Every structure is written in structure tokens, then in C-alpha cells.
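All ligand and atom numbering here is 1-based and tracks the order in the structure. Every value quoted in this text rests on a predicted model; they were computed, and no experiment measured them. The residues of the chain are indexed from 1 along the displayed sequence.
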Amino acid sequence: MTDETTANLILGDMDYEMPTVVGTESEVGLDVRKLRANTGMVTYDPGYGNTGSCSSAITFIDGELGILRYRGYPIEQVAAAASFVEVCYLLVYGRLPSLGEYDDFRNALTRHTLLHEDMKKFFEGFPPNSHPMAILSSMVVALSTYYRDTTTEADINRNIIRLIAKVSTIAAFSYKKSVGQPFVYPRNDLSYTENFLYMMFSVPTEPYEVPPVVNSALNLLLILHADHEQNCSTSTVRMVGSSEANLFASISAGISALSGPLHGGANQKVIDMLRKIRDDGGNYQKYMDMAKDKESGFRLMGFGHRVYKNYDPRAMLLKKSADQALAELGVDDPLLDIARNLEEIALKDDYFVERKLYPNVDFYSGILYRAMGIPTNMFTVMFALGRLPGWIAHWREMRDDPEGKIHRPRQIYIGATERDFVPITER
Ligand code: CMC
């Protein structure tokens with residue numbers, strides 16, 4: 001790089017000058033948009049680990065220092081003082097709401113929690129043991145058959161509010177479906193998080209009284225999951241949305257991306273892993289050895305991150321909160337001890353130290369969900385509920401970006417060169 005504004009790429013006798021893009025935190029990107037047109041070359045970056053796919057003003061992460069900020073506000077401060085609804089407003093609209101704006105937003109969310117009665121029939125069609133993530137993504141794309149695609153700001157905004165409100169109802173209904181219990185309708189006198197817990201855990205014979213500690217734990221979990229810049233599911237939302245697919249279709253695609261075990265599905269896998277270690281009589285070494293053996297196909301779930309090469313600040317907050325919540329609820333979960341021991345062993349192990357593999361957000365979130373009574377197959381749905389405002393904010397930002405265009409990466413073709421087609425009768 002010659003200075004802050006241009007970089008030179010020298011290849012053979014070619015000297016190509018590229019502009020740079022500098023972010024507000026001094027991150028520098030090489031602008032390769034005209035590289036192919038001017039040199040015939042593309043950049044090669046499988047998994048996009050080193051590709052800036054957009055500029056964004058939503059979330060800043062410094063993976064080396066373990067920093068996470070939403071719209072500039074440090075996650076520690078947000079987690080200590082905000083409600084999840086306030087964070088939704090901050091991420092989607094780009095600023096903190098005034099008291100009046102907050103009340104209006106909260107009321108709007110409360111008024112849109114009901115699902116169209118016909119949508120209940122969709123739930124009947126899913127097999128009894130359906131994974132709630134599959135139900136969630138199906139139901140979210142189904143919303144687009146009720147609420148039409150729109151381009152006016154006011155209508156988009158209404159669809160955003162509908163989505164945030166209805167996803168909590170869909171998530172709770174998908175759980176009820178999976179356990180064969182009747183759906184519990186939302187209540188307008190409860191907060192967003194209380195209402196979700198009420199719909200999840202009430203039965204017709206006994207309404208659920210939400211313990212404040214469970215409500216605070218849910219608020220924290222949703223806030224910590226609310227955005228994480230260009231992760232797999234968010235990039236999927238942007239990718240799908242870049243074709244001008246509607247909000248519901250784009251978010252449904254993000255939910256599908258989140259369901260994989262290397263992404264949001266990891267929280268469920270962490271609990272499976274901790275259970276196995278427990279059932280193996282606490283044989284940590286066996287699992288450490290397997291994690292280090294590339295042939296085993298096993299990884300320590302809840303460890304490692306594409307961006308964090310330091311302790312994930314979300315994992316730090318969750319570890320503390322899991323300790324407090326379990327103590328307050330009087331829950332003695334042996335899996336918490338196993339998690340703590342495993343963390344201690346891994347953080348001292350050369351393999352993990354060299355590769356800078358630390359616990360990520362999924363390592364302790366499952367323990368907290370368990371203490372709240374949330375079943376394992378709902379963990380990733382909880383992640384989706386939290387990530388929703390982030391996805392929406394990115395969808396909106398992508399849509400409003402004057403430089404935005406349909407996402408269409410290039411490739412390096414490595415298949416057969418031209419050859420003659422052989423008719424089926426001659427093969
Ligand atoms: N256990 C054992 N080895 C690991 C782990 C792990 N959990 N994570 C990474 N490594 C090793 C990996 O084998 C590689 O070793 P080497 O350099 O010898 O080939 C090195 O560390 C770098 O790993 P990578 O796969 O190149 O890193 P990545 O950025 O592509 O993957 C990751 C990031 C999160 C997919 C990966 O760390 C992983 O699979 N972790 C376990 C699954 C998990 O916890 N996922 C949740 C991520 S956080 C929340 C979310 O995004 O949804």
C-alpha cells in the first residue's frame with residue numbers, strides 16, 4: 001500500500017493501482033470492484049474470510065481485542081441497561097429512541113403479535129417431531145402470502161413491525177406444536193419478552209407467571225444475539241435481499257442459514273457435547289483429543305470464531321449471567337460445571353492457544369436456556385428471535401445503499417475443459 005488512499009498490485013510487468021476504502025474505525029479495504037474489468041483477474045477468497053462484502057454502519061467488531069458495539073454503543077453497556085425492544089429500535093432505525101418513540105414502537109409491536117387464524121392450519125400440516133427451526137423459516141416466508149411486497153417506507157416499516165411481533169408468536173407456537181400442546185395466544189399487557197415466555201410455558205389449566213430472573217435472562221440473551229455484522233445468516237439475508245426478494249423471504253433464508261451446526265445450531269450441539277462428556281464420566285481428555293484430531297470430524301462445539309481471536313465478549317457476559325441465574329433459580333446443573341472445566345482445560349491447551357480458540361456465544365447460552373426451561377431443540381429458534389432485528393437492519397441498509405447491487409460473486413472454474421457430449425445410447 002502506498003498511502004492511506006491507494007494500493008498498487010504488481011504482477012509481472014503489470015502495475016495496477018487500486019483505491020482503498022477506510023472505515024470510521026480505521027479499517028482499510030482494497031476496492032477491487034474494477035479489478036476484473038481492468039486486469040481480467042478476480043480475487044479468490046473461499047468462505048469470504050477476507051472479503052468486505054459491503055460497508056455497514058450497524059455493528060463494529062474488533063475480533064483481536066474482543067470488542068462488540070451496536071451503532072457505536074459497547075455491548076457491555078447495552079446489555080446492562082437496555083431492553084431488547086430498545087435494541088431492536090436502535091439497530092433497525094440507527095439511533096436510540098426517545099421515551100415517546102420507544103412507547104410507540106413497543107405498543108406497535110404489542111398490537112401486531114396475533115397471527116392470521118388461517119396460519120394455524122399450516123402448523124397442523126407439520127409432522128409432530130418437526131424441528132422448530134424448520135417450522136419457523138417456513139412460517140416466516142408464509143407471512144409474505146398475507147402481507148404483500150411493498151416499496152413505500154411506511155409499508156416497509158409496518159412489515160418490519162409485523163415481523164418482529166409475529167416471529168415471537170410463531171416461535172412459541174412452533175414449540176407448542178412440537179410438544180403437542182394447544183397454542184397460547186399473546187397478551188397485550190405483557191412486555192415483549194414476558195409475552196414470549198407466557199406463550200411458551202402457559203397451558204390452558206395454568207397461566208405461566210414469568211419469574212423476573214427468567215425475564216431478565218431472556219432479555220440479555222436476545223440482546224447479545226441481536227447483531228454480529230456479516231456472519232453467515234446475515235450475509236444470506238443481504239444476498240437474498242439483493243435480488244429485491246421481499247423482507248419475509250430474505251429473513252426466512254437467514255433463518256435457514258442460522259440452523260446449521262457451525263452457526264446458530266452450535267448452541268444445541270454444545271449441550272449434546274456436554275451431556276456426552278458427563279455420560280463418559282467426565283472424560284475431558286477424550287474429547288480434547290478428538291477435537292485436535294482432524295480425522296475425527298469432531299470439534300469442540302462453542303469454541304472458535306471466524307472473527308474473535310480473543311474471548312467473545314458475549315460469552316463473557318453469558319458466563320456471568322448463567323452463574324447468577326442458576327443461583328437465583330436454585331438450579332444445580334452439572335453441565336455448567338462440565339462447561340467450566342472444559343473451558344479451563346481448553347484455554348490451557350497449546351492447540352487451542354496457538355489457534356486462538358476461545359468460548360463463543362454458544363458455549364454458555366445453552367446452559368442459561370436450560371435453566372429457563374427452554375428445551376434444547378428451541379435453542380436455535382431463540383438465537384433467531386434475538387438475531388431478527390440485526391437481519392432486518394442489514395436488509396434495510398442493503399436496500400437503501402446507493403452503491404448496492406445484486407450479489408453475484410465470481411469463481412475460479414476448475415472443471416473439465418471443453419469436450420464433446422456423448423449421446424446416452426453410446427455411453
Ligand atoms: N474445535 C477444534 N478445532 C477447531 C475449532 C473447534 N471448535 N474451531 C476451529 N478449530 C481449528 C481448525 O481445525 C483449524 O485448525 P488448523 O489451522 O490446524 O486447520 C483452525 O482451528 C482454524 O479453524 P477454521 O475452521 O479455519 O476457522 P473458521 O473461521 O473457518 O471457523 C468456526 C469458525 C466457528 C466455524 C469454527 O471455529 C467451529 O467450527 N467452531 C465450532 C462450532 C461453533 O461453535 N460455532 C458457533 C460459532 S459462534 C456463533 C455463530 O456464528 O453462530
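- The side-chain contact (heavy atoms from CB on, under 4.5 Å) with V92 is formed by just one residue from the set V87, I160, I161; it is I160.
- Of the protein's non-hydrogen atoms, A291 O, 3.5 Å is the one closest to atom 2 (C) of ligand 1.
- Protein heavy atom nearest atom 5 (C) of ligand 1, with residue, atom name and distance: L357 CD1, 3.9 Å.
- Aromatic ring pairs are classed by plane angle as parallel below 30°, tilted from 30° to 60° and perpendicular above 60°; the pair F105 and Y93 is perpendicular.
- For residues 67-77, the side-chain hydrogen bond (donor to acceptor under 3.5 Å, both in side chains) pairs, not counting sequence neighbours, are E25-R69.
- Of the candidates L258, V270, L300, it is L300 that places a heavy atom closest to atom 1 (N) of ligand 1.
- For atom 52 (O) of ligand 1, the closest non-hydrogen atom on the protein side is H263 ND1, 2.6 Å.
- When the heavy-atom distances from atom 39 (O) of ligand 1 to K356, M273, K292, R299 are ranked, the shortest goes to R299.
- For atom 45 (N) of ligand 1, the closest non-hydrogen atom of the protein is L262 O, 3.1 Å.
- Closest protein heavy atom to atom 34 (C) of ligand 1: G304 O, 3.7 Å.
- A centroid separation of 6.0 Å or more is found between the aromatic rings of Y311 and H305.
- Closest to atom 40 (N) of ligand 1 among all protein heavy atoms lies F303 O, 2.9 Å.
- Remark: among candidates D312, D362, V307, N360, the nearest residue to atom 49 (C) of ligand 1 is D362, based on non-hydrogen atoms.
- For the side-chain hydrogen bond (donor to acceptor under 3.5 Å, both in side chains) test, no residue two or more places apart in sequence or in another chain qualifies with N219.
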